[in-house]
Amino acid sequence: MEIRPIRSDADHAAALADIDKLWGASPDSDDGARLEVLLTLVEAYEEVHHPIPASDPVSAILFMMEQRGLRTEDLEPMIGRGKVADVLNRQRPLTLPMIRRLSAALHIPTDILVRPYTVKRAA
């Protein structure tokens with residue numbers, strides 16, 4: 001099993017091609033061991049060279065709404081009547097009580113909901 005470090009995008013592409021060929025290999029086989037090592041190398045390379053930015057609170061709320069098939073009206077008990085559109089349009093910041101209710105109801109970790117994000121002020 002010859003496995004080399006991933007040091008460039010070309011190495012990364014080659015590793016992904018190898019992973020594609022090995023996908024579904026039995027974990028107890030040589031191919032399964034090779035797959036596991038390649039996945040670890042690719043993950044480490046991507047963390048450094050292609051990081052995924054952390055989600056901001058509004059994006060997390062919108063994602064959970066989409067996943068659960070929720071409408072803006074469904075958020076009124078958590079955010080308050082007449083405030084949902086302002087929060088989702090980034091015109092009103094989340095308050096601590098809103099964060100607590102959203103976290104409990106939508107199962108979004110509070111550390112995501114308390115992250116700073118840009119709020120557009122109404123003109």
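Worth saying up front: this structure is predicted, and the values here are computed from it rather than measured.
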Asker: Is there a side-chain contact (heavy atoms from CB on, under 4.5 Å) between L62 and V58? Walk through the geometry before answering.
Answerer: CA-CA 6 Å; L62 292 169; V58 174; 3.9 Å; yes

Asker: Test L75 against I61 for side-chain contact (heavy atoms from CB on, under 4.5 Å), laying out the working first.
Answerer: CA-CA 10 Å; L75 297 184; I61 294 166; 3.9 Å; yes

Asker: Can you tell me how far apart CG (L102) and CD1 (I99) are? Round to the nearest 0.5 Å.
Answerer: 8.0 Å

Asker: Could you check whether atom CD1 of I52 has more than 12 heavy atoms from other residues, nucleotides or ligands sitting under 6.0 Å from it?
Answerer: no

Asker: Taking the ring centre of each residue, are H49 and H12 less than 6.0 Å apart?
Answerer: no

Asker: Any sub-3.5 Å donor-acceptor pair from R115's side-chain atoms to S55's backbone N or O?
Answerer: yes

Asker: So which atom in A25 and which in S29 form the shortest heavy-atom distance, rounded to 0.1 Å?
Answerer: CB-OG, 4.2 Å

Asker: Please round to the nearest 0.5 Å and tell me the distance separating atom CD1 of I6 and atom CG of L41.
Answerer: 5.0 Å

Asker: Using 4.0 Å as the upper bound for N to carboxylate O, is an ion pair formed by R34 and D31?
Answerer: no

Asker: Counting heavy atoms not belonging to Y117, are there more than 12 under 6.0 Å from its OH?
Answerer: yes

Asker: Considering non-hydrogen atoms only, spot the tightest contact between R71 and D74 and give its length.
Answerer: N-OD2, 2.7 Å

Asker: If you take all heavy atoms of L35 and G24, which pair is closest and at what distance?
Answerer: CD2-N, 4.4 Å

Asker: Got a second to check how far L106's CG is from I112's CD1, nearest 0.5 Å?
Answerer: 11.5 Å

Asker: Is a side-chain N or O of S103 found less than 3.5 angstrom from the main chain of I108, in a donor-acceptor match?
Answerer: yes

Asker: Any carboxylate oxygen within less than 4.0 angstrom of a Lys/Arg side-chain nitrogen, looking at R90 and D56?
Answerer: yes

Asker: Between D11 and P5, what is the shortest heavy-atom contact and its length?
Answerer: OD2-O, 3.8 Å

Asker: Report the distance from atom CD1 of I3 to atom OG1 of T40, rounding to the nearest 0.5 Å.
Answerer: 9.5 Å

Asker: Looking at CE of M98 and CZ of R92, how far apart are the two atoms once the value is rounded to the nearest 0.5 Å?
Answerer: 6.0 Å

Asker: Under a 4.5 Å cut-off applied to non-hydrogen side-chain atoms, are Y45 and H50 in contact?
Answerer: yes

Asker: Provide the closest heavy-atom pair for M78 versus A105 in the form atom of the first, atom of the second, distance.
Answerer: SD-CB, 3.4 Å

Asker: Going by the rule side-chain hydrogen bond (donor to acceptor under 3.5 Å, both in side chains), which residues pair with E36 if we only count those two or more places apart in sequence or in a different chain?
Answerer: none

Asker: Would you indicate whether the side-chain heavy atoms of W23 and L39 approach each other to under 4.5 Å?
Answerer: yes

Asker: Are L70 and M64 packed together at the side-chain level, in the sense that at least one heavy-atom pair is separated by less than 4.5 angstrom?
Answerer: no

Asker: Apply side-chain contact (heavy atoms from CB on, under 4.5 Å) to residues M65 and T72 and explain how you reach the verdict.
Answerer: CA-CA 8 Å; M65 287 176 67; T72 55; 4.2 Å; yes

Asker: Check whether D86 reaches the backbone of K83 with its side chain - one donor and one acceptor, N or O, closer than 3.5 Å.
Answerer: no

